[in-house]
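Have a look at the structure below, then the notes.
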Protein chains: 2
Amino acid sequence: MPDKINVLLVDDHAVVRAGYKAYLSLSEHIGQIYEAERGETACQLYSRQLPDVVVMDLSMPGLGGLESIRRLLGRHANCKILVFSIHNELVYVTRAIKAGAKGYITKSNAPETLITAVCTIAEGGTYVDPELAQQLAISSAVDQDETAKIKSLSPREFDIFCLLATGVSTREAAENLCLSYKTVGNHGTAIKEKLGVKTLSELALLASRHGIVKNA
Amino acid sequence: MPDKINVLLVDDHAVVRAGYKAYLSLSEHIGQIYEAERGETACQLYSRQLPDVVVMDLSMPGLGGLESIRRLLGRHANCKILVFSIHNELVYVTRAIKAGAKGYITKSNAPETLITAVCTIAEGGTYVDPELAQQLAISSAVDQDETAKIKSLSPREFDIFCLLATGVSTREAAENLCLSYKTVGNHGTAIKEKLGVKTLSELALLASRHGIVKNA
DNA sequence: TCGCAACCGGGAACATTACCCTGGCATTTT
DNA sequence: AAAATGCCAGGGTAATGTTCCCGGTTGCGA
């Protein structure tokens, strides 16, 4: 392990990078700080500078954060990546870890956590936001991602899912399918349960995300 | 105008604040930097410290950014607020300006822009991201249908619209805003009426279309 | 044949929403 | 000054939607 830890910051917002750079510089453990504003350049910079830790944001244009992680690891298998995201949803955590990230923290954490996580990972460890890790452990039975959840719907459920996703009311959907609104309601409940959402609105947004309803 | 500019940072993420604080400290024009993690505390801190400029994030729990701006200005009419948001949608810009903000920049801007904007506003000027300002000018002629309808929402309605659009239930939204669920329900009805949709799901999809909720 | 899972829907309890109406407050009009 | 308008918060009630629990049907594979 190096005396000082060299870090590569990957975030598409220059101001954000500037902020973290300034903050990290205050720590005596941090050495050089490199910056990249997207996955592609991060890859090149990594090859040239071989930093100890990569701190990466998830939401980026071009190849997103996740894909960037995969590419980076494809070329540099022992690259240590810390995801530093605003998202506290478990899906992101599991995907990031699955993609090969060594750690995951959110911007809700105390500032010092960033330093701690970077150090831990530089030493070869892993660091996942304790709160998220706990949630993860609890819901490990349900750790499939959204696509898998959608696939788990029965054929009929999927039909109804598609209809409800367009924003129609339960009653309208029932008329459309010549069913009792109770039936549609019951299916709806089962679908929401399977997909892990609480409201029909969330269901609609999820469907929109997956292109099941076109919403351009 | 003061020799050095004192700044109040309002953002719910401590790391984010730490980053900007560290970055701003590097500038010779910036003096004291205060921090608040939500609208309520921002109000109190402002009264005590009377900073020259308030740098405020928009997305915050409790009273959101927009409502915080209104409260702050309600008590301190000549308070200078710079909105510093991740959102580059025009709706937010117009809302923020209408609420009384003196400037609006996004996190996509170059780091120096933050300093520039803070200085400009401290001197009594205004600063709106040039790109957004241009779009604003162009699109003011082109605002058709849905966009117009969204604009027709009253300030409070827009707040509630944004919340409901994320898929939360009326009850959750009410708790988040510390309102009776009846009130939120009533507003919700009015909003759906104004936007010409029948269900909250449709509302969510509409908001997603307009980038008011991020759903990528 | 048995077990199982998908499917349809009834009934009751509960939650949410629609609709109407009051009241406060601020702005604008007369 | 007085009246009118518009926004905001919320109570009451009726309609509507949702959940949970249940029984029934069908089809399929062991």
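In this structure, A/Lys198 reaches neither bases nor backbone, as no heavy-atom distance under 4.0 Å exists between it and the strands shown. A/Thr183 comes within 4.0 angstrom of a base, heavy atoms only. Residue contacts for B/Leu200: at a heavy-atom cut-off of 4.0 Å it reaches the sugar-phosphate backbone alone, with no base atom in range.
In this structure, B/Lys107 satisfies the cation-pi test against B/Phe84, with its NZ or CZ atom closer than 6.0 Å to the six-membered ring centre and inside 45 degrees of the ring normal.
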Worksheet item: Between B/Thr189 and B/Glu193, does a side chain to side chain donor-acceptor pair (under 3.5 Å) hold up when you go through it step by step?
Response: CA-CA 6 Å; B/Thr189 304; B/Glu193 155 83 38; over 6 Å; no
Fill in: Trace of the salt bridge (Lys or Arg N to Asp or Glu O under 4.0 Å) decision for B/Asp57 with B/Arg17
CA-CA 10 Å; B/Asp57 188 23; B/Arg17 291 199 306 272; over 6 Å; no
Discussion item. Determine whether B/Phe161 and B/Leu195 satisfy the following criterion, side chain to side chain contact (heavy atoms under 4.5 Å, CB included), listing intermediate values before the conclusion.
Written reply: CA-CA 10 Å; B/Phe161 168 60; B/Leu195 298 182; 3.5 Å; yes
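Regarding B/Leu177, its CG atom lies at a distance of 11 Å from the P atom of D/dG10, rounded to whole Å. Here the P atom of nucleotide D/dA15 and the OH atom of A/Tyr181 are 13 Å apart, to the nearest Å. In this entry the distance linking CZ of B/Phe161 with C1' of D/dC8 reads 19 Å, nearest Å. When the C1' atom of C/dC25 is taken as reference, atom CZ of B/Arg71 falls 15 Å away, rounded to whole Å. One interatomic measurement links the two molecules: CZ of A/Arg156 to C1' of D/dG27, which rounds to 16 Å at whole-angstrom precision. When the C1' atom of D/dG6 is taken as reference, atom CZ of B/Phe158 falls 20 Å away, rounded to whole Å. Here D/dA9 presents its C1' atom at 17 Å from CG of B/Asn176, a figure rounded to the nearest Å. Following rounding to the nearest Å, A/Glu193 (CD) and D/dT18 (C1') show an atom-to-atom distance of 14 Å.
Dashed line: the shortest gap from a side-chain N or O of B/Lys182 to OP1 or OP2 of C/dA18 is not under 4.0 Å. Of the side-chain N and O atoms in A/His187, none sit less than 4.0 angstrom from OP1 or OP2 of C/dC7. Distances shorter than 4.0 Å separate none of the side-chain N or O atoms of B/Thr189 from OP1 or OP2 on C/dT17. Between A/Ser169 and the phosphate of D/dT16, there is no side-chain N or O to OP1/OP2 separation shorter than 4.0 Å.
With hydrogens and angles ignored, no donor-acceptor pair under 3.5 angstrom links the side chain of A/Asn186 to the base of C/dC8.
For the 3.5 Å distance criterion, the side chains of B/Glu37 and B/Thr41 qualify, holding a donor opposite an acceptor.
Of the candidate nucleotides D/dT18, D/dG11, D/dC7, D/dG11 has the atom lying nearest to any side-chain atom of B/Ser180.
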